[in-house]
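One structure below.
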Number of protein chains: 2
Amino acid sequence: MGIHERKQREKEQRRKQIMEAARKVFSAKGFNRATMEEIAGEAELSPGTIYLYFKNKEELHTSLSIDILEYISVQMKKFINRHDINAEQKMHLLKDTFIDVYEYDPMVLINLFHLQSGETLTNLSAEVLEELKQTSADALSAITSVVTEGIERGLFVEKHPVALADIIWATYSGVVLWVDSKRLLNNEKDFVKQTLDTAFEIMVNGFKRK
Amino acid sequence: MGIHERKQREKEQRRKQIMEAARKVFSAKGFNRATMEEIAGEAELSPGTIYLYFKNKEELHTSLSIDILEYISVQMKKFINRHDINAEQKMHLLKDTFIDVYEYDPMVLINLFHLQSGETLTNLSAEVLEELKQTSADALSAITSVVTEGIERGLFVEKHPVALADIIWATYSGVVLWVDSKRLLNNEKDFVKQTLDTAFEIMVNGFKRK
DNA sequence: TTATTTTTTGAACATCATTTAGTATCTGTC
DNA sequence: GACAGATACTAAATGATGTTCAAAAAATAA
(Lines give C-alpha, C1' and ligand atoms only; values in the text may rest on other atoms or scores of the structure.)
Protein backbone atom coordinates (compact mmCIF):
# COMPACT_ATOMS: atom_id res chain seq x y z
CA MET A 1 0.00 0.00 0.00
CA GLY A 2 2.82 2.43 -0.82
CA ILE A 3 0.96 4.07 -3.69
CA HIS A 4 -1.42 5.98 -1.49
CA GLU A 5 1.44 7.32 0.59
CA ARG A 6 3.44 8.34 -2.45
CA LYS A 7 0.39 10.20 -3.76
CA GLN A 8 0.04 11.98 -0.46
CA ARG A 9 3.69 13.01 -0.68
CA GLU A 10 3.26 14.21 -4.23
CA LYS A 11 0.21 16.20 -3.27
CA GLU A 12 2.14 17.87 -0.48
CA GLN A 13 4.97 18.51 -2.91
CA ARG A 14 2.67 20.18 -5.42
CA ARG A 15 1.31 22.35 -2.64
CA LYS A 16 4.83 23.41 -1.70
CA GLN A 17 5.63 24.08 -5.34
CA ILE A 18 2.65 26.39 -5.66
CA MET A 19 3.60 28.17 -2.46
CA GLU A 20 7.17 28.66 -3.63
CA ALA A 21 5.92 30.18 -6.89
CA ALA A 22 3.50 32.36 -4.96
CA ARG A 23 6.27 33.49 -2.64
CA LYS A 24 8.29 34.72 -5.60
CA VAL A 25 5.41 36.55 -7.23
CA PHE A 26 3.96 38.07 -4.05
CA SER A 27 7.44 39.11 -3.01
CA ALA A 28 8.04 40.88 -6.31
CA LYS A 29 4.58 42.40 -6.79
CA GLY A 30 2.78 42.56 -3.46
CA PHE A 31 -0.63 41.02 -2.89
CA ASN A 32 -2.87 43.07 -5.15
CA ARG A 33 -0.57 43.29 -8.16
CA ALA A 34 0.30 39.61 -8.14
CA THR A 35 -2.02 37.66 -10.43
CA MET A 36 -3.06 34.05 -10.07
CA GLU A 37 -2.14 33.57 -13.70
CA GLU A 38 1.41 34.68 -13.06
CA ILE A 39 1.70 32.45 -10.01
CA ALA A 40 0.37 29.55 -12.08
CA GLY A 41 2.89 30.32 -14.81
CA GLU A 42 5.72 30.42 -12.31
CA ALA A 43 4.60 27.05 -10.94
CA GLU A 44 4.19 25.66 -14.49
CA LEU A 45 0.57 24.84 -13.82
CA SER A 46 -2.76 26.16 -15.03
CA PRO A 47 -4.64 28.65 -12.86
CA GLY A 48 -7.38 26.13 -12.17
CA THR A 49 -4.96 23.74 -10.50
CA ILE A 50 -4.09 26.25 -7.80
CA TYR A 51 -7.72 26.22 -6.70
CA LEU A 52 -7.51 22.48 -6.09
CA TYR A 53 -4.92 23.21 -3.42
CA PHE A 54 -5.98 26.60 -2.07
CA LYS A 55 -9.45 27.98 -1.65
CA ASN A 56 -8.56 31.39 -3.02
CA LYS A 57 -5.82 33.99 -3.39
CA GLU A 58 -6.10 35.14 0.22
CA GLU A 59 -5.70 31.64 1.52
CA LEU A 60 -2.64 31.00 -0.62
CA HIS A 61 -1.14 34.18 0.71
CA THR A 62 -2.05 33.33 4.28
CA SER A 63 -0.34 29.95 3.97
CA LEU A 64 2.93 31.77 3.27
CA SER A 65 2.39 33.92 6.34
CA ILE A 66 1.76 30.87 8.47
CA ASP A 67 5.05 29.41 7.25
CA ILE A 68 6.94 32.51 8.32
CA LEU A 69 5.21 32.60 11.68
CA GLU A 70 6.13 28.97 12.20
CA TYR A 71 9.72 29.72 11.30
CA ILE A 72 9.81 32.57 13.81
CA SER A 73 8.38 30.30 16.49
CA VAL A 74 10.97 27.63 15.80
CA GLN A 75 13.80 30.13 16.05
CA MET A 76 12.46 31.53 19.32
CA LYS A 77 12.03 28.11 20.90
CA LYS A 78 15.74 27.55 20.46
CA PHE A 79 16.56 29.96 23.27
CA ILE A 80 13.50 30.76 25.38
CA ASN A 81 14.19 27.91 27.81
CA ARG A 82 17.91 28.46 28.20
CA HIS A 83 19.00 28.91 31.81
CA ASP A 84 22.39 30.47 31.15
CA ILE A 85 21.01 33.80 30.01
CA ASN A 86 18.51 36.23 31.57
CA ALA A 87 15.38 37.79 30.18
CA GLU A 88 17.19 40.90 29.00
CA GLN A 89 19.58 38.81 26.94
CA LYS A 90 16.64 36.84 25.59
CA MET A 91 15.07 40.10 24.45
CA HIS A 92 18.26 40.69 22.54
CA LEU A 93 17.94 37.28 20.87
CA LEU A 94 14.28 38.00 20.06
CA LYS A 95 15.38 41.11 18.26
CA ASP A 96 18.08 39.21 16.37
CA THR A 97 15.50 36.66 15.26
CA PHE A 98 13.19 39.41 14.06
CA ILE A 99 15.96 41.08 12.10
CA ASP A 100 17.04 37.78 10.53
CA VAL A 101 13.53 37.07 9.33
CA TYR A 102 13.17 40.57 7.93
CA GLU A 103 16.42 40.28 6.04
CA TYR A 104 15.56 36.83 4.72
CA ASP A 105 12.49 38.05 2.84
CA PRO A 106 11.34 41.60 3.62
CA MET A 107 8.37 41.63 1.28
CA VAL A 108 6.80 38.43 2.54
CA LEU A 109 7.16 39.65 6.11
CA ILE A 110 5.62 42.99 5.22
CA ASN A 111 2.80 41.16 3.51
CA LEU A 112 2.29 39.07 6.63
CA PHE A 113 1.83 42.20 8.68
CA HIS A 114 -0.57 43.61 6.10
CA LEU A 115 -2.54 40.43 6.01
CA GLN A 116 -3.83 40.65 9.54
CA SER A 117 -6.77 42.78 8.56
CA GLY A 118 -10.44 42.06 8.80
CA GLU A 119 -11.24 41.92 5.15
CA THR A 120 -8.71 39.18 4.54
CA LEU A 121 -9.58 37.08 7.55
CA THR A 122 -13.20 36.74 6.46
CA ASN A 123 -12.14 35.09 3.19
CA LEU A 124 -10.32 32.20 4.79
CA SER A 125 -11.60 28.67 5.28
CA ALA A 126 -12.23 27.58 8.85
CA GLU A 127 -9.19 25.30 8.84
CA VAL A 128 -6.68 27.86 7.63
CA LEU A 129 -8.12 30.47 9.98
CA GLU A 130 -7.68 28.01 12.84
CA GLU A 131 -4.12 27.28 11.73
CA LEU A 132 -3.31 30.98 11.60
CA LYS A 133 -4.80 31.50 15.05
CA GLN A 134 -2.81 28.61 16.43
CA THR A 135 0.45 29.73 14.88
CA SER A 136 0.07 33.33 16.03
CA ALA A 137 -0.80 32.13 19.52
CA ASP A 138 2.28 29.94 19.43
CA ALA A 139 4.61 32.75 18.46
CA LEU A 140 3.04 35.08 20.99
CA SER A 141 3.33 32.55 23.78
CA ALA A 142 7.05 32.21 23.14
CA ILE A 143 7.41 35.98 23.49
CA THR A 144 5.18 35.94 26.55
CA SER A 145 7.36 33.36 28.24
CA VAL A 146 10.40 35.64 27.96
CA VAL A 147 8.48 38.55 29.46
CA THR A 148 7.03 36.39 32.21
CA GLU A 149 10.49 35.20 33.17
CA GLY A 150 11.67 38.78 33.37
CA ILE A 151 8.80 39.74 35.62
CA GLU A 152 9.10 36.71 37.89
CA ARG A 153 12.81 37.28 38.38
CA GLY A 154 12.05 40.82 39.43
CA LEU A 155 13.86 42.27 36.42
CA PHE A 156 10.85 43.67 34.52
CA VAL A 157 7.98 45.84 35.69
CA GLU A 158 4.85 44.08 36.85
CA LYS A 159 2.57 44.60 33.88
CA HIS A 160 0.34 41.98 32.32
CA PRO A 161 2.78 39.72 30.41
CA VAL A 162 0.38 39.29 27.47
CA ALA A 163 0.14 43.05 27.05
CA LEU A 164 3.93 43.32 27.03
CA ALA A 165 4.21 40.51 24.50
CA ASP A 166 1.65 42.28 22.31
CA ILE A 167 3.72 45.44 22.56
CA ILE A 168 6.87 43.61 21.48
CA TRP A 169 5.14 42.10 18.47
CA ALA A 170 3.39 45.36 17.64
CA THR A 171 6.66 47.26 17.79
CA TYR A 172 8.25 44.73 15.48
CA SER A 173 5.48 44.96 12.91
CA GLY A 174 5.07 48.71 13.30
CA VAL A 175 8.75 49.44 12.78
CA VAL A 176 9.00 47.14 9.77
CA LEU A 177 5.91 48.59 8.12
CA TRP A 178 6.54 52.23 8.87
CA VAL A 179 10.27 52.40 8.21
CA ASP A 180 9.82 50.48 4.99
CA SER A 181 7.07 52.76 3.75
CA LYS A 182 9.18 55.77 4.70
CA ARG A 183 11.97 54.33 2.60
CA LEU A 184 9.62 54.02 -0.36
CA LEU A 185 8.20 57.49 0.17
CA ASN A 186 11.56 59.22 0.37
CA ASN A 187 13.84 56.90 -1.63
CA GLU A 188 16.08 56.61 1.37
CA LYS A 189 18.13 53.65 2.48
CA ASP A 190 16.79 50.80 4.59
CA PHE A 191 16.86 51.78 8.26
CA VAL A 192 14.77 48.87 9.55
CA LYS A 193 17.68 47.16 11.29
CA GLN A 194 18.94 50.30 13.02
CA THR A 195 15.44 51.38 14.03
CA LEU A 196 14.63 47.94 15.43
CA ASP A 197 17.88 48.08 17.39
CA THR A 198 16.97 51.40 18.94
CA ALA A 199 13.35 50.39 19.51
CA PHE A 200 14.41 47.30 21.43
CA GLU A 201 16.93 49.27 23.44
CA ILE A 202 14.18 51.70 24.46
CA MET A 203 11.73 48.91 25.12
CA VAL A 204 14.08 46.85 27.29
CA ASN A 205 15.02 49.98 29.16
CA GLY A 206 11.34 50.71 29.65
CA PHE A 207 10.63 47.17 30.83
CA LYS A 208 13.20 47.37 33.61
CA ARG A 209 12.03 47.81 37.13
CA LYS A 210 13.59 50.84 38.78
CA MET B 1 -16.78 87.44 -11.29
CA GLY B 2 -18.26 85.38 -8.47
CA ILE B 3 -19.35 82.59 -10.79
CA HIS B 4 -15.91 81.15 -11.18
CA GLU B 5 -15.47 81.14 -7.44
CA ARG B 6 -18.80 79.52 -6.79
CA LYS B 7 -17.90 76.81 -9.31
CA GLN B 8 -14.64 76.24 -7.51
CA ARG B 9 -16.54 75.92 -4.26
CA GLU B 10 -19.01 73.50 -5.78
CA LYS B 11 -16.19 71.44 -7.19
CA GLU B 12 -14.53 71.26 -3.80
CA GLN B 13 -17.88 70.36 -2.27
CA ARG B 14 -18.43 67.52 -4.70
CA ARG B 15 -14.96 66.25 -3.91
CA LYS B 16 -15.76 66.29 -0.22
CA GLN B 17 -19.06 64.56 -0.86
CA ILE B 18 -17.30 61.74 -2.71
CA MET B 19 -14.75 61.45 0.07
CA GLU B 20 -17.44 61.26 2.72
CA ALA B 21 -19.22 58.49 0.80
CA ALA B 22 -15.90 56.71 0.34
CA ARG B 23 -15.16 57.03 4.04
CA LYS B 24 -18.38 55.27 4.88
CA VAL B 25 -17.90 52.46 2.41
CA PHE B 26 -14.18 51.89 3.07
CA SER B 27 -14.90 51.97 6.78
CA ALA B 28 -17.58 49.32 6.46
CA LYS B 29 -15.91 47.07 3.90
CA GLY B 30 -12.19 47.73 3.88
CA PHE B 31 -10.26 48.68 0.77
CA ASN B 32 -10.54 45.57 -1.38
CA ARG B 33 -14.17 44.78 -0.69
CA ALA B 34 -15.38 48.32 -1.20
CA THR B 35 -16.52 48.89 -4.79
CA MET B 36 -16.45 52.10 -6.74
CA GLU B 37 -20.06 51.46 -7.68
CA GLU B 38 -21.10 51.37 -4.04
CA ILE B 39 -19.17 54.52 -3.29
CA ALA B 40 -20.82 56.19 -6.28
CA GLY B 41 -24.22 55.04 -5.09
CA GLU B 42 -23.58 56.36 -1.61
CA ALA B 43 -22.58 59.70 -3.13
CA GLU B 44 -25.59 59.65 -5.48
CA LEU B 45 -23.35 59.90 -8.50
CA SER B 46 -22.34 57.62 -11.33
CA PRO B 47 -19.02 55.76 -11.04
CA GLY B 48 -17.57 57.72 -13.94
CA THR B 49 -17.95 60.98 -12.05
CA ILE B 50 -15.63 59.82 -9.31
CA TYR B 51 -12.88 59.53 -11.88
CA LEU B 52 -13.28 63.21 -12.73
CA TYR B 53 -12.20 63.98 -9.18
CA PHE B 54 -9.82 61.14 -8.32
CA LYS B 55 -7.38 59.33 -10.56
CA ASN B 56 -8.28 55.90 -9.20
CA LYS B 57 -9.47 53.95 -6.18
CA GLU B 58 -6.08 54.11 -4.47
CA GLU B 59 -5.93 57.84 -4.81
CA LEU B 60 -9.41 58.28 -3.40
CA HIS B 61 -8.42 56.17 -0.45
CA THR B 62 -5.14 57.99 0.03
CA SER B 63 -6.99 61.30 0.12
CA LEU B 64 -8.85 60.04 3.18
CA SER B 65 -5.55 59.04 4.76
CA ILE B 66 -4.13 62.48 4.10
CA ASP B 67 -7.15 64.02 5.81
CA ILE B 68 -6.59 61.94 8.92
CA LEU B 69 -2.90 62.71 8.95
CA GLU B 70 -3.69 66.39 8.67
CA TYR B 71 -6.14 66.15 11.53
CA ILE B 72 -3.52 64.43 13.68
CA SER B 73 -1.02 67.17 12.84
CA VAL B 74 -3.48 69.91 13.76
CA GLN B 75 -4.22 68.27 17.10
CA MET B 76 -0.54 67.88 17.88
CA LYS B 77 0.30 71.45 16.99
CA LYS B 78 -2.09 72.58 19.71
CA PHE B 79 0.32 71.54 22.44
CA ILE B 80 3.81 70.93 21.10
CA ASN B 81 4.89 74.52 21.70
CA ARG B 82 3.39 74.93 25.15
CA HIS B 83 5.93 76.03 27.77
CA ASP B 84 3.93 75.06 30.86
CA ILE B 85 4.38 71.30 30.37
CA ASN B 86 7.45 69.16 29.85
CA ALA B 87 8.27 66.59 27.19
CA GLU B 88 6.98 63.72 29.28
CA GLN B 89 3.60 65.39 29.64
CA LYS B 90 3.59 66.10 25.92
CA MET B 91 4.14 62.40 25.28
CA HIS B 92 1.01 61.85 27.30
CA LEU B 93 -0.92 64.30 25.11
CA LEU B 94 0.47 62.62 22.00
CA LYS B 95 -0.95 59.34 23.23
CA ASP B 96 -4.32 60.97 23.97
CA THR B 97 -4.43 62.38 20.45
CA PHE B 98 -3.66 58.97 18.99
CA ILE B 99 -6.38 57.32 21.03
CA ASP B 100 -8.92 60.00 20.07
CA VAL B 101 -8.23 59.49 16.39
CA TYR B 102 -8.48 55.74 16.73
CA GLU B 103 -11.80 55.99 18.50
CA TYR B 104 -13.18 58.49 15.99
CA ASP B 105 -12.87 56.08 13.07
CA PRO B 106 -10.90 52.88 13.71
CA MET B 107 -11.31 51.40 10.26
CA VAL B 108 -10.10 54.42 8.34
CA LEU B 109 -7.06 54.66 10.60
CA ILE B 110 -6.32 50.98 10.15
CA ASN B 111 -6.65 51.39 6.42
CA LEU B 112 -4.27 54.33 6.56
CA PHE B 113 -1.65 52.16 8.21
CA HIS B 114 -2.20 49.38 5.71
CA LEU B 115 -2.08 51.34 2.57
CA GLN B 116 1.25 53.06 2.78
CA SER B 117 2.74 50.04 1.09
CA GLY B 118 4.76 49.97 -2.08
CA GLU B 119 2.10 48.61 -4.35
CA THR B 120 -0.26 51.44 -3.49
CA LEU B 121 2.25 54.23 -3.66
CA THR B 122 3.10 53.45 -7.27
CA ASN B 123 -0.52 54.01 -8.31
CA LEU B 124 -0.70 57.59 -7.08
CA SER B 125 -0.37 60.72 -9.15
CA ALA B 126 2.72 62.84 -8.51
CA GLU B 127 0.66 65.54 -6.78
CA VAL B 128 -1.10 63.27 -4.33
CA LEU B 129 2.12 61.42 -3.62
CA GLU B 130 3.77 64.73 -2.88
CA GLU B 131 0.88 65.74 -0.64
CA LEU B 132 1.11 62.47 1.26
CA LYS B 133 4.85 62.90 1.68
CA GLN B 134 4.37 66.44 2.94
CA THR B 135 1.62 65.51 5.37
CA SER B 136 3.52 62.55 6.79
CA ALA B 137 6.61 64.68 7.16
CA ASP B 138 4.51 67.28 8.93
CA ALA B 139 3.07 64.83 11.43
CA LEU B 140 6.46 63.29 12.04
CA SER B 141 8.11 66.64 12.56
CA ALA B 142 5.57 67.49 15.28
CA ILE B 143 6.47 64.26 17.05
CA THR B 144 10.14 64.90 16.50
CA SER B 145 9.89 68.32 18.14
CA VAL B 146 8.56 66.74 21.33
CA VAL B 147 11.39 64.24 21.42
CA THR B 148 13.99 66.88 20.64
CA GLU B 149 12.74 69.02 23.49
CA GLY B 150 13.03 66.05 25.83
CA ILE B 151 16.59 65.38 24.76
CA GLU B 152 17.69 69.02 24.91
CA ARG B 153 16.27 69.45 28.41
CA GLY B 154 18.28 66.41 29.48
CA LEU B 155 15.14 64.40 30.19
CA PHE B 156 15.41 61.84 27.38
CA VAL B 157 18.32 59.68 26.25
CA GLU B 158 20.55 61.06 23.53
CA LYS B 159 19.36 59.07 20.54
CA HIS B 160 18.69 60.44 17.09
CA PRO B 161 15.36 62.34 17.49
CA VAL B 162 14.09 61.20 14.10
CA ALA B 163 14.64 57.57 15.04
CA LEU B 164 12.71 58.09 18.27
CA ALA B 165 9.87 59.82 16.43
CA ASP B 166 9.76 56.91 13.99
CA ILE B 167 9.54 54.52 16.92
CA ILE B 168 6.64 56.46 18.43
CA TRP B 169 4.72 56.42 15.18
CA ALA B 170 5.61 52.79 14.51
CA THR B 171 4.43 51.80 17.97
CA TYR B 172 1.16 53.60 17.40
CA SER B 173 0.51 51.92 14.08
CA GLY B 174 1.80 48.55 15.23
CA VAL B 175 -0.37 48.47 18.33
CA VAL B 176 -3.47 49.54 16.44
CA LEU B 177 -2.96 46.99 13.67
CA TRP B 178 -1.90 44.07 15.81
CA VAL B 179 -4.33 44.47 18.68
CA ASP B 180 -7.19 45.00 16.27
CA SER B 181 -6.34 41.92 14.25
CA LYS B 182 -6.02 39.93 17.45
CA ARG B 183 -9.50 41.08 18.35
CA LEU B 184 -10.82 39.82 15.02
CA LEU B 185 -8.93 36.56 15.31
CA ASN B 186 -10.15 35.75 18.79
CA ASN B 187 -13.46 37.63 19.01
CA GLU B 188 -12.19 39.40 22.06
CA LYS B 189 -12.93 42.93 23.19
CA ASP B 190 -11.06 45.98 21.96
CA PHE B 191 -7.84 46.40 23.94
CA VAL B 192 -6.29 49.08 21.73
CA LYS B 193 -6.70 51.84 24.29
CA GLN B 194 -5.27 49.87 27.18
CA THR B 195 -2.39 48.53 25.12
CA LEU B 196 -1.52 51.98 23.81
CA ASP B 197 -1.54 53.22 27.39
CA THR B 198 0.90 50.56 28.50
CA ALA B 199 3.04 50.92 25.37
CA PHE B 200 3.45 54.64 25.98
CA GLU B 201 4.22 54.07 29.63
CA ILE B 202 6.99 51.65 28.66
CA MET B 203 8.23 53.94 25.91
CA VAL B 204 8.39 57.06 28.07
CA ASN B 205 10.10 55.05 30.76
CA GLY B 206 12.57 53.80 28.17
CA PHE B 207 13.20 57.30 26.84
CA LYS B 208 14.20 58.63 30.23
CA ARG B 209 17.84 59.25 30.94
CA LYS B 210 19.06 57.38 34.00
C1' DT C 1 -7.19 -4.21 -21.97
C1' DT C 2 -10.85 -1.89 -19.87
C1' DA C 3 -13.20 0.62 -16.25
C1' DT C 4 -12.76 3.74 -12.58
C1' DT C 5 -10.70 7.25 -10.03
C1' DT C 6 -7.61 11.12 -9.62
C1' DT C 7 -5.49 15.07 -11.40
C1' DT C 8 -5.07 18.74 -14.52
C1' DT C 9 -6.52 21.81 -17.95
C1' DG C 10 -8.09 25.96 -20.29
C1' DA C 11 -11.95 28.14 -21.70
C1' DA C 12 -16.10 30.34 -19.77
C1' DC C 13 -17.99 33.27 -16.19
C1' DA C 14 -18.52 36.98 -12.93
C1' DT C 15 -16.93 40.88 -10.78
C1' DC C 16 -15.19 45.00 -10.68
C1' DA C 17 -11.94 49.21 -11.88
C1' DT C 18 -11.57 52.22 -15.49
C1' DT C 19 -12.55 54.52 -20.12
C1' DT C 20 -15.29 56.74 -23.39
C1' DA C 21 -18.85 58.40 -26.34
C1' DG C 22 -22.71 60.81 -25.75
C1' DT C 23 -26.05 63.87 -23.03
C1' DA C 24 -27.46 67.49 -20.04
C1' DT C 25 -26.50 71.69 -17.86
C1' DC C 26 -24.54 75.92 -17.37
C1' DT C 27 -22.14 80.38 -19.05
C1' DG C 28 -21.25 84.16 -21.77
C1' DT C 29 -22.55 86.58 -26.07
C1' DC C 30 -25.38 88.53 -29.47
C1' DG D 1 -34.09 84.83 -25.35
C1' DA D 2 -31.57 82.03 -28.54
C1' DC D 3 -27.26 80.11 -29.63
C1' DA D 4 -22.27 78.44 -29.29
C1' DG D 5 -19.02 76.78 -26.43
C1' DA D 6 -17.53 75.03 -22.14
C1' DT D 7 -18.36 72.22 -18.14
C1' DA D 8 -20.26 68.37 -15.56
C1' DC D 9 -22.20 64.18 -15.63
C1' DT D 10 -23.94 59.65 -17.11
C1' DA D 11 -24.59 55.00 -18.80
C1' DA D 12 -22.76 51.67 -21.26
C1' DA D 13 -18.55 49.46 -23.04
C1' DT D 14 -13.95 47.64 -22.12
C1' DG D 15 -10.44 45.08 -20.02
C1' DA D 16 -8.22 42.80 -16.34
C1' DT D 17 -8.40 39.17 -13.26
C1' DG D 18 -10.21 35.97 -9.56
C1' DT D 19 -12.84 31.81 -9.75
C1' DT D 20 -15.57 27.88 -11.61
C1' DC D 21 -16.52 23.99 -14.45
C1' DA D 22 -16.99 20.64 -18.15
C1' DA D 23 -13.93 17.98 -20.47
C1' DA D 24 -9.35 15.78 -21.17
C1' DA D 25 -5.40 13.39 -19.54
C1' DA D 26 -3.08 10.48 -16.46
C1' DA D 27 -2.87 7.11 -13.04
C1' DT D 28 -4.69 3.11 -10.82
C1' DA D 29 -7.42 -1.01 -10.20
C1' DA D 30 -9.78 -4.88 -12.10
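The shown structure was predicted, so the numbers you read here are calculated from the model rather than taken from an experiment. Throughout, protein chains are lettered first and strands after them, A, B, ... in sequence-line order, and every chain is numbered starting at 1.
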Taken to the nearest whole Å, CD/A:Gln8 to C1'/D:dA27 is 15 Å
Using a cut-off of less than 4.0 Å, is there contact between a side-chain N or O of A:Tyr53 and OP1 or OP2 of C:dT8?
yes
State which of C:dT9, C:dT18, D:dT19 makes the closest approach to the side chain of A:Leu52.
C:dT9
Under 4.0 Å, counting only non-hydrogen atoms across every strand here, what does A:Arg6 touch: a base, just sugar-phosphate, or nothing?
sugar-phosphate
A:Tyr51 OH to C:dA11 P, straight-line distance once rounded to whole Å:
17 Å
Under 4.0 angstrom, heavy atoms only, what part of the nucleic acid is B:Leu45 near: base, sugar-phosphate, or nothing?
sugar-phosphate
Taking the six-membered ring of B:Phe31 (Phe, Tyr or Trp), confirm whether the NZ or CZ of B:Lys57 is under 6.0 Å from its centre and within 45° of its axis.
yes
Give a yes or no on whether the ring-centroid distance for A:Phe113 and A:Tyr172 is below 6.0 angstrom.
yes
Reckon A:Lys11 has a side-chain N or O less than 4.0 Å from the OP1 or OP2 of C:dT7?
yes
Measuring centre to centre across the rings, with the benzene-like ring taken for any Trp, is A:Phe26 within less than 6.0 Å of A:His61?
yes
Atom CZ of A:Phe54 to atom P of D:dG18: distance rounded to whole Å?
16 Å
Grab the CG-C1' distance between A:Asn56 and C:dT15 for me, whole Å please.
15 Å
Give one of base, sugar-phosphate or nothing for B:Ala40, where a contact means two heavy atoms less than 4.0 Å apart.
nothing
Checking D:dT10, C:dT18, D:dT28 against the side chain of B:Ser46 (C-beta onward), the nearest is D:dT10
Nucleotide D:dG15, atom C1' - distance to CD of A:Glu37 in whole Å
13 Å
Have a look at B:Thr35 and say if it touches a base, only the backbone sugar-phosphate, or nothing, with a 4.0 Å heavy-atom cut-off.
sugar-phosphate
Gap between atoms NZ and P, on B:Lys29 and C:dA17 respectively (whole Å)
11 Å
CG of B:Asn32 versus P of D:dT17: gap in Å, rounded?
14 Å
A quick test of your reading: do over 12 heavy atoms of other residues, nucleotides or ligands sit less than 6.0 Å from CD of B:Glu158?
no
Side-chain heavy-atom pair A:Arg9, A:Arg6 within 4.5 angstrom cut-off:
yes
Just to confirm, is there a sub-4.0 Å distance from OP1 or OP2 of C:dT8 to any side-chain nitrogen or oxygen of A:Thr49?
no
Figure out the CD1/P separation between B:Ile18 and C:dT18, and round it to whole Å.
14 Å
